[in-house]
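Labels below follow one simple rule: chain letters A, B, ... track the order of the sequence lines, proteins then strands, and each chain is numbered from 1. Values below: all heavy atoms of this structure, side chains included; hydrogens, waters and symmetry mates excluded.
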Protein chains: 2
Amino acid sequence: MSQFTILVVEDEPAIRSMLVMVLQQYDFNVLEAGDVTEAQAILDETVPDLILLDWMLPRITGDEWTRRLKSNDSYRDLPIILVTAKGEEADKIRGLDIGADDYVTKPFSPKELISRIKAVLRRSGKIHDLTQIKFQDIVMDTERHRVNISDKEVDVSPTEFKLLSFFLTHPDKVYNRTQLLDQVWGRNVYIEERTVDVHIRRLRKILAKYQREEWLQTVRGFGYRFSIKNS
Amino acid sequence: MSQFTILVVEDEPAIRSMLVMVLQQYDFNVLEAGDVTEAQAILDETVPDLILLDWMLPRITGDEWTRRLKSNDSYRDLPIILVTAKGEEADKIRGLDIGADDYVTKPFSPKELISRIKAVLRRSGKIHDLTQIKFQDIVMDTERHRVNISDKEVDVSPTEFKLLSFFLTHPDKVYNRTQLLDQVWGRNVYIEERTVDVHIRRLRKILAKYQREEWLQTVRGFGYRFSIKNS
DNA sequence: ATTTTATATGACAGTTTTGTGACAATAGCT
DNA sequence: AGCTATTGTCACAAAACTGTCATATAAAAT
């Protein structure tokens, strides 16, 4: 699952770190925000694959922010799961047309949380098949841990595997080095930005064997993009 | 039987632990869930070989869930055995076209339960011959605890036997050390992860005598995989 | 055309992961 | 009890992978 990034917006530190721990346990990349302002700042940087949002936040309630996000074109397709306290809130929310994609009620088990996340990701089309990632004639099977390019088995290292699967699941968009480090390596690693170049290079070398080199493009000044079309 | 995993969905703790005990007695791997939500969460994680489902569950009845599962492509072939209270329910169920593969009526003897499970597994094609596991020209006889590779008798230790039978019944997929410990050694043992390496090594040594070494593959950073090699 | 800035690339050394032999503890058997 | 096969662990070896640097190229800016 390491190709997915989740933004956790939760003001209560204890709960937040619990959430983060669970998500990391399941190999998600996690971004954290304590309030909506922080969350917005992160969104300007990196777009996650899903937001896990506490319904009760200081200053602005989760559903207000949800509404705002959902009315913004660039975030319309960003799935949001609301985290609500049990009981009375749940009922209100159920009735509200706030545009969230799902909600979980505290307390919940890690497994429940994960399965809802997977369900939402699947529903939103980010996961077609949990174990298979396809892009043109490149097929990655996360369960069997195999990469095939036009039906030929390709040998890749762990990092190359993660990087490629990230690109395949996030095609056409440009990512800068920081974003790639965050999403592929994880948020709390300190690694030289230029290291990304080297891994791009390595991936290109592999792709080149199958004449797919030009799919991994350099966007000078901005980063890299995986895409069949060239600008 | 250690190659089969059964998911038990039952809300009554006493009955559930009884079921679990019986199944473990007969060397099944058991997953437990107290309700449908938990069960769903488990399904997202691991797909069992069979579901043992209480017909009466809180919130949603077993047969409703059965219907839902059976209408989902990825679970259509997952056999389900309903556990029902005696008498009146059984008749209703018999008439219902709920898609379950069989049902047992409480109270039942362990032997009855096991034989129904075996019957369903056999019928669903998961077992051809309960005592035999075949993979290419490797044949394991679980009853006599014997292994043959291209008709030659092979001497293996108990652990090697379990490990090999696990791989033969779960080919192609990559398992990490923890998963292998869970599945082959059991869930609540505390054993060093690296011990798995050593057993892999021992198994490879045996396989090497028959030029089958390359079927047991290392997937660096992720675990091991049993698969006929393709380049 | 020259300078400046950004990216590509090869080499390499440190680190991480896996392979392997040895050994002592244990379990099973007679 | 005595014997043997098995098993978990460890220490070290081997291999694979990764991050960084230095240098080469390429693209913009002046």
All N/O contacts under 3.5 Å from nucleotides 28-30 of chain C to the protein, with atom names and distances to one decimal?
none

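- You'll find that the side chain of B:Arg204 is closest to C:dG19, out of C:dG19, C:dA8, D:dT18.
- Side-chain nitrogen and oxygen atoms of B:Ser157 include at least one within less than 4.0 Å of the OP1 or OP2 phosphate oxygen of D:dT7.
- Ring orientation note: the planes of B:His170 and B:Tyr175 are nearly perpendicular, at an angle over 60° on the 30°/60° scale.
- Taking atom CG of A:Leu216 as the reference point, atom C1' of C:dT9 lies 15 Å away to the nearest angstrom.
- In the set C:dA8, D:dT18, C:dT20, the nucleotide with an atom closest to the side chain of B:Asp197 is C:dT20.
- In terms of phosphate contacts, B:Thr218 brings a side-chain nitrogen or oxygen within less than 4.0 Å of OP1 or OP2 of C:dG19.
- The NE2 atom of B:His145 sits 15 Å away from the C1' atom of D:dA5 (whole-angstrom rounding).
- Looking only at side-chain heavy atoms (C-beta outward), A:Val9 and A:Ile42 stay at 4.5 Å or farther from each other.
- Atoms CZ and CD1, on B:Phe28 and B:Ile6 in that order, are 4.5 Å from each other to the nearest 0.5 Å.
- Rounded to the nearest 0.5 angstrom, B:Thr5 OG1 and B:Leu7 CG are separated by 10.0 Å.
- Between the CG atom of B:Asn176 and the P atom of C:dT17 there is a distance of 13 Å, given to the nearest Å.
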Could you run through nucleotides 19-30 of chain D and give me one letter per nucleotide, 5' to 3': B if any protein heavy atom sits under 4.0 Å from the base, S if only the sugar-phosphate is that close, - if neither? BBB----BS---

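- Ring pair A:Phe135/A:Trp215 is perpendicular by interplanar angle, where above 60° counts as perpendicular and below 30° as parallel.
- Distance check: B:Phe167 CZ to B:Ser227 OG gives 11.0 Å after rounding to the nearest 0.5 Å.
- The side chain of A:Tyr224 contributes no N or O atom lying less than 4.0 Å from OP1 or OP2 of C:dA6.
- Between the CG atom of B:Leu163 and the C1' atom of D:dT6 there is a distance of 14 Å, rounded to whole Å.
- Between B:Ile200 atom CD1 and C:dT20 atom P the separation is 12 Å, expressed in whole Å.
- A 4.5 Å side-chain heavy-atom check between B:Thr218 and B:Tyr224 finds at least one atom pair inside the cut-off.
- Place A:Arg177 and A:Lys205 on DNA chain C by their nearest nucleotides, and A:Arg177 ends up nearer the 5' end.
- Rounded to an integer number of Å, the gap from CG of A:Asp155 to C1' of D:dC17 is 12 Å.
- In this structure, A:Ile206 atom CD1 and D:dC17 atom C1' are separated by 12 Å, rounded to whole Å.
- A salt bridge links B:Arg116 to B:Glu112: at least one charged side-chain nitrogen sits closer than 4.0 Å to a carboxylate oxygen.
- Within the 4.5 Å cutoff, side-chain heavy atoms of A:Arg212 are placed close to those of A:Asp137.
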